[in-house]
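Here is the structure we will look at, set down as structure tokens.
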Amino acid sequence: MSESSQVRVRFAPSPTGFFHIGSARTALFNWLYARHVGGTFVLRIEDTDKARNTDESLRVLLEGMRWLGLNWDEGPEVGGGAGPYFQSQRADIYAAYRDRLLASGRAYEKDGAVWFRLEGERYTAYDDFKKSEVEKVRSKPIVIEDAVRGRVERSEETDFVIFRNTGDPVFHFVNVVDDIEMGITHVIRGEDHLSNTSKHAELFQAFGAPLPQFAHIPLILKQSGPGKMSKRDQGALIEEYAKRHFLPEAVRNYLCLLGWNPKDDREKMPIEDIIEAFDFKGINKGNARFDERKLSSLNTEYLRELPVESFAWLARPVLAEAKVLDEAADEDYLQKVLKLCQPKARSIEDLPDYLAYFFREDFTQDPKATKKIAGRSDFTEVLDLLVALLSDVEPFEVPNLEATLQAAADAQGAKVFSWFPVLRFALSGQSGGPDLLPMLTVLGKDRVLARLARSLDAAAH
RNA sequence: CUCCCGUUCGUCUAGCCAGGUCCAGGACACCGGGUUUUCAUCCCGGCGACAGGGGUUCGAAUCCCCUACGGGAGGCCA
């Protein structure tokens, strides 16, 4: 058997119809830790809010998890010995736990709801937040040894509801009951739950259950402006990155680096290496601001090193969808274009714009390039020259092209590089792009000469 | 209002626990130079931070205290 441990962690999302980037990272950190120690990663669905569309919401969630490669050992669709893994199916478990508290006097009914009873001296005081007199309790402080933050001490000071008057249990209660029932040993979650932990610890203690190891990870803040990222923020949802054809490995790698790092300056890392290096010591305390530019940069790196076949496999449907490719597109030609463009491409999402001119004659001309290049006084002169030179190149291959152009330039004491922008612009409408000479051979002699002629024609009018 | 957590370049961060090797290192972005016959490639360089104040110490980014700022929580939401 391979190494395994008794460690059990869980990711317990509430299906909302979105897979938020912060949730995704919480899932990721749990998964990483489980894989690092050879433990068990449980996926538990907190679907207690019946109002939400659970089928569709669950699908979004599971798809997002799979897209990021976060496989779970127990949970929906895979089962496990601690199920059911949907809170909506665990009502009798919650009722049994509630009754235990009722029986032991640690819970009582009031206003149709069930309240947890804190232990300690009671007094009433005006609460400036609730704007009313409140019964408070001098309870024994709860001390948590958080794996990320160290010792954190806090006390609950008011009894709290564990079952609503509707008969439904509340989050804090089901969360703790499920963690006990499912044998969760490590609770890795966002720092927004740190203050709730005293409440959870009270419940664990009331049930005579040992506290799990807590690890509160920093939050992800908006790219700009105050506060944590919310669903409404640009770039806050995992499904956006899938739709925009980011590579999941890149997104996952970037997420790993938000709040964790291996301390040795490695950034782009295979997931196996991250799993190996991942531990609580590497997790930061401070919140992190999401930066799409850095994500993009990582994504580009991953893109560049993809086998050309994979790159093509990813690119093809995107180009088809953008109508860059028509049904008559030649497969062999497409492969050549993609092979040429992959080393320079920044993203799959921008690929249609980047290489449309390979497939369409009605390509657009970049305004800046037009001004800079087509506005040159020698523009038509150079075009004339290029038509004359390139017409005679046979075969139309890089060495010949290079030799012909260089010879002509030498003969008239000109610089070859001064012609290149003109040539590229006439062929693509751009000032930049893939390597020019190979680009000529991919486009082919006929297409090249035709575009030069057309450009010349346009310049004459 | 109360409590909890945090604070190193614009951003992600290393260094802090075990004070000196840090006039603070890396990455993204930005700027400049070079290479490349072109380029959104590649290489080199630059810009740029220890929140502020006290203290401890021969010496503090590192330890202690205070302040400021940021974040979170305080629901019969999760």
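Quick note: numbers below take in every heavy atom, side chains included, and nothing from hydrogens, waters or symmetry partners. Chain letters run A, B, ... following the sequence lines, proteins first, then strands; residues in each count from 1.
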Practice problem: Tell me the partner of B:rG74, counting only Watson-Crick (N1-N3 plus N6-O4 or O6-N4) or G-U wobble (N1-O2 and O6-N3) with both under 3.5 Å; none if nothing fits. | Solution: B:rC1
Exercise. Answer with base, sugar-phosphate or nothing: what part of the nucleic acid does A:Asn287 contact at a heavy-atom distance below 4.0 Å?
Key: sugar-phosphate
Practice problem: Kindly say whether, by distance alone, the side chain of A:Lys294 makes a donor-acceptor pair under 3.5 Å with the base of B:rA27? | Solution: yes
Quiz item: If only side-chain N and O atoms of A:Arg346 are considered, is one of them under 4.0 Å from the OP1 or OP2 phosphate oxygen of B:rU41?
Solution: yes
Self-check item: base_contact_polar (B:rC39 base, A:Lys344 side chain, donor-acceptor, <3.5 Å)
Solution: yes
Quiz item: Looking for any heavy atom pair under 4.0 Å, which part of the strands does A:Gly112 touch: base, sugar-phosphate only, or nothing?
Solution: nothing
Exercise. Might you confirm whether atom NZ of A:Lys140 has over 12 heavy atoms from other residues, nucleotides or ligands at distances under 6.0 Å?
Key: no
Quiz item: Counting any heavy atom closer than 4.0 Å, what does A:Glu153 reach on the DNA or RNA strands: base, sugar-phosphate only, or nothing?
Solution: sugar-phosphate
Exercise. Record whether the side chain of A:Ser195 comes under 3.5 Å of the base of B:rG74 through a donor-acceptor pair of N or O atoms.
Key: no
Quiz item: Do A:Pro84 and A:Arg90 have side-chain heavy atoms sitting under 4.5 Å apart?
Solution: yes
Quiz prompt | side-chain N/O A:Lys263 vs B:rU13 OP1/OP2, d < 4.0 Å | solution = no
Exercise. Establish, with yes or no, whether the OP1 or OP2 oxygen of B:rC17 is under 4.0 angstrom from a side-chain nitrogen or oxygen of A:Arg149.
Key: no
Exercise. For A:Phe417, report the nucleic acid contact type (base, sugar-phosphate, nothing); a contact means any heavy atom under 4.0 Å.
Key: sugar-phosphate
Practice problem: Looking at every strand, decide which applies to A:Asp435 at a 4.0 Å heavy-atom threshold: base, sugar-phosphate, or nothing. | Solution: base
Quiz item: Is A:Asp159 salt-bridged to A:Arg117, going by a charged N under 4.0 Å from an acidic O?
Solution: no
Practice problem: Look at the side-chain N and O atoms of A:Asn261 and state whether any lies under 4.0 Å from the OP1 or OP2 oxygen of B:rA14. | Solution: yes
Quiz item: Can you check the A:Phe420 CZ to B:rA40 C1' distance for me, whole Å?
Solution: 18 Å
Self-check item: Distance below 4.0 Å between A:Arg289 side-chain N/O and B:rU13 OP1 or OP2
Solution: no
Quiz item: So, A:Lys136 and A:Asp127, do they make that salt bridge, N to O below 4.0 Å?
Solution: yes
Exercise. Answer with base, sugar-phosphate or nothing: what part of the nucleic acid does A:Ser431 contact at a heavy-atom distance below 4.0 Å?
Key: sugar-phosphate
Practice problem: Give A:Tyr354 one of three labels, base, sugar-phosphate or nothing, depending on what nucleic acid heavy atoms sit under 4.0 Å from its own. | Solution: base
Self-check item: Donor-acceptor pair present, A:Glu267 side chain and B:rG26 base, under 3.5 Å
Solution: yes
